[in-house]
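First the structure, in the form of structure tokens, and then the observations on it.
Basis for what follows: all heavy atoms, side chains included, without hydrogens, waters or symmetry-related copies.
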Amino acid sequence: MTRRLSVGLLGAGEVAQLIHLPIFHQLSDRFDVVSLYDPSPTVVARVAAHWSIPRTYT
């Protein structure tokens with residue numbers, strides 16, 4: 001049985017949206033993205049809603 005690793009991302013910009021989050025989604029049997037930080041409240045809220053990330057920080 002593979003253990004799942006809980007991950008928090010720092011930054012919700014273009015790289016996170018186009019590279020990191022899609023890869024974590026593809027590997028969802030191994031990773032849970034549980035939190036997301038970005039200095040922009042609107043960006044972090046939009047990205048977290050799109051990827052169903054439960055906790056956000058600004």
Side-chain angles (χ1 to χ4, degrees):
M1 183 173 135
T2 303
R3 287 185 51 176
R4 294 166 64 108
L5 181 64
S6 294
V7 176
L9 289 181
L10 297 174
E14 187 174 353
V15 173
Q17 293 176 47
L18 297 177
I19 298 172
H20 298 133
L21 289 167
I23 290 171
F24 281 127
H25 181 71
Q26 289 176 347
L27 299 172
S28 61
D29 61 324
R30 298 180 190 173
F31 298 98
D32 286 318
V33 180
V34 297
S35 64
L36 181 63
Y37 164 83
D38 196 88
S40 170
T42 55
V43 170
V44 78
R46 183 177 51 84
V47 174
H50 182 266
W51 292 99
S52 302
I53 300 171
R55 291 187 298 271
T56 61
Y57 302 91
T58 55

Output every pair passing salt bridge (charged side-chain N to carboxylate O under 4.0 Å, His left out) with a member in residues 13-29, not counting sequence neighbours, ordered by first then second residue.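 Of all non-adjacent pairs touching residues 13-29, none passes salt bridge (charged side-chain N to carboxylate O under 4.0 Å, His left out).
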Contact check, side chains of L36 and R55, non-hydrogen atoms, under 4.5 Å: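 No. Closest side-chain heavy atoms not under 4.5 Å.
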Counting C-beta onward and ignoring hydrogens, is there a side-chain heavy-atom pair between L21 and V47 closer than 4.5 Å?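 Yes, their side chains come closer than 4.5 Å.
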Hydrophobic clusters here meaning ILVMFWY residues chained together by side-chain heavy-atom distances under 4.5 Å, can you tell me if Y57 and V33 are in one?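 As far as the 4.5 Å side-chain criterion goes, V33 and Y57 are not connected within one cluster.
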ILVMFWY network linking I53 to V15, side-chain heavy atoms under 4.5 angstrom: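 Yes, one cluster joins them.
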Side chain to side chain donor-acceptor pair (under 3.5 Å) pairs, two or more places apart, involving residues 40-50: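 Of all non-adjacent pairs touching residues 40-50, those that pass side chain to side chain donor-acceptor pair (under 3.5 Å) are S40-T42.
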Residues in ring pair (Phe, Tyr, Trp, His ring centres under 6.0 Å) contact with H25, at least two apart in sequence or another chain: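 Result, ring pair (Phe, Tyr, Trp, His ring centres under 6.0 Å) vs H25: W51.
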Just to verify, what does F31 make a ring pair (Phe, Tyr, Trp, His ring centres under 6.0 Å) with, not counting sequence neighbours?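 Partners of F31 under the ring pair (Phe, Tyr, Trp, His ring centres under 6.0 Å) test: F24.
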List for me each residue that meets side chain to side chain donor-acceptor pair (under 3.5 Å) alongside [X], sequence neighbours excluded, and say none if there are none.
X	answer
R4	D32
S52	none
S35	none

For [X] versus [Y], what's the shortest heavy-atom pair and its separation?
X	Y	result
P22	A16	CD-O, 3.8 Å
Q17	A12	NE2-O, 2.7 Å
G13	D38	N-OD1, 3.9 Å

Mind checking what makes side-chain contact (heavy atoms from CB on, under 4.5 Å) contact with I23, not counting sequence neighbours?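 With sequence neighbours excluded, I23 shows a side-chain contact (heavy atoms from CB on, under 4.5 Å) to I19, L27, given in chain and number order.
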Calculate, to the nearest 0.5 Å, the distance between atoms OG1 and OH belonging to T56 and Y37 respectively.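 If I round to the nearest 0.5 Å, the distance is 11.5 Å.
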